[in-house]
Visitor: 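Pasting in a structure now, in structure tokens, and then I'll have a few things to ask.
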Amino acid sequence: GAGVSQSPSNKVTEKGKDVELRCDPISGHTALYWYRQSLGQGLEFLIYFQGNSAPDKSGLPSDRFSAERTGGSVSTLTIQRTQQEDSAVYLCASRAPGPGQPQHFGDGTRLSIL
Amino acid sequence: RKEVEQDPGPFNVPEGATVAFNCTYSNSASQSFFWYRQDCRKEPKLLMSVYSSGNEDGRFTAQLNRASQYISLLIRDSKLSDSATYLCVVNARDDKIIFGKGTRLHILP
């Protein structure tokens, strides 16, 4: 079946612009996660959605970052007034309900801020 | 103590050798454990889940030691294609998922 789909694959934008990154999880997966990974670094947790519960936003680095998940499916991560330090790969993962379920990752969006 | 700790490596291992690495975790209430591999500039991919009784998938064996709070991954008869970063992942009871920073493995021809 279809995996986690992220778009765009690559995004180059000027400092100060807003960007929107999209994640389409695997059908039936109730949990959705956003991570950021800078070159040569580990995964940095950003935000987590589980069903209709309030999202866990504890990883968002600043108020320029926000995310929403409409209808319990597609999610959009928005970065306002981008800065050069926002350049990274943004990864989305989804997970099926129930204990012991692993995350499945999309290919990521490579964001470059000029 | 970090929530999930891994030796960053790199481990440089000749092709055909056996290599093992561990991962320690701090939350004794952790419920689920996984190993992922991540190739350079790619997304993490699930390698295997780790079960209490230990489990094997071909050349790969994973073990869980709840008493000492660590999991291990053993790779036998290593191949050049095994070169990657191996990520240890721990799920706490409340769905909090913690990734280790990864262990880099280089298989040498």
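So that the names make sense, note that chain A is the first sequence line, chain B the second, and so on, each numbered from 1. This is a predicted model, so every value here is computed, not measured.
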Visitor: What part of B:R41 lies closer than 4.5 angstrom to a heavy atom of chain A: side chain, backbone, both or neither?
Guide: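 Both the backbone and the side chain of B:R41 come within 4.5 Å of chain A.
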Visitor: Determine, using the 4.5 Å side-chain heavy-atom cutoff (strictly less than), whether B:F11 and B:I71 are members of one ILVMFWY cluster.
Guide: yes
Visitor: If a pair satisfies ring-ring contact (aromatic ring centres under 6.0 Å, His included) and one of its residues is in residues 62-86 of chain B, list it, with sequence neighbours excluded.
Guide: B:F21-B:Y86
Visitor: Checking heavy atoms, do the side chain of B:F33, its backbone, both or neither come under 4.5 Å from chain A?
Guide: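 Nothing of B:F33, per the 4.5 Å heavy-atom cut-off to chain A.
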Visitor: Looking at A:E14, I'd like to know if its CD atom is crowded, meaning that more than 12 non-hydrogen atoms belonging to other residues, nucleotides or ligands lie closer than 6.0 Å.
Guide: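 No - once you tally the heavy atoms of other residues, nucleotides and ligands closer than 6.0 Å, there are 12 at most.
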Visitor: When only pairs under 4.5 Å are counted, which of A:G42, A:G108, A:P102 shares the most heavy-atom pairs with chain B?
Guide: A:P102
Visitor: With a 4.5 Å heavy-atom cut-off, do A:Q103 and B:F34 have their side chains touching?
Guide: no
Visitor: As an exercise, state the distance from CG of A:D107 to NZ of B:K42, rounded to the nearest 0.5 Å.
Guide: 7.0 Å
Visitor: Cluster question for you: counting only ILVMFWY and a side-chain heavy-atom cut-off of under 4.5 Å, with indirect links fine, are A:L111 and A:V89 together?
Guide: no
Visitor: Taking atom types as modelled and ignoring hydrogens, do the side chains of A:Q6 and B:E43 form a donor-acceptor contact shorter than 3.5 angstrom?
Guide: no
Visitor: Keeping to residues at least two apart or across chains, list the ring-ring contact (aromatic ring centres under 6.0 Å, His included) pairs with something in residues 49-85 of chain A.
Guide: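 Of all non-adjacent pairs touching residues 49-85 of chain A, none passes ring-ring contact (aromatic ring centres under 6.0 Å, His included).
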Visitor: More than 12 heavy atoms of other residues, nucleotides or ligands under 6.0 Å from CG of A:L39: is that the case?
Guide: no
Visitor: Determine whether B:I97 and A:Y35 satisfy the following criterion, side-chain contact (heavy atoms from CB on, under 4.5 Å), listing intermediate values before the conclusion.
Guide: CA-CA 11 Å; B:I97 296 179; A:Y35 297 89; 4.2 Å; yes
Visitor: Let me know if A:F105 has heavy atoms under 4.5 Å from chain B in its side chain, its backbone, both or neither.
Guide: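 Both backbone and side chain.
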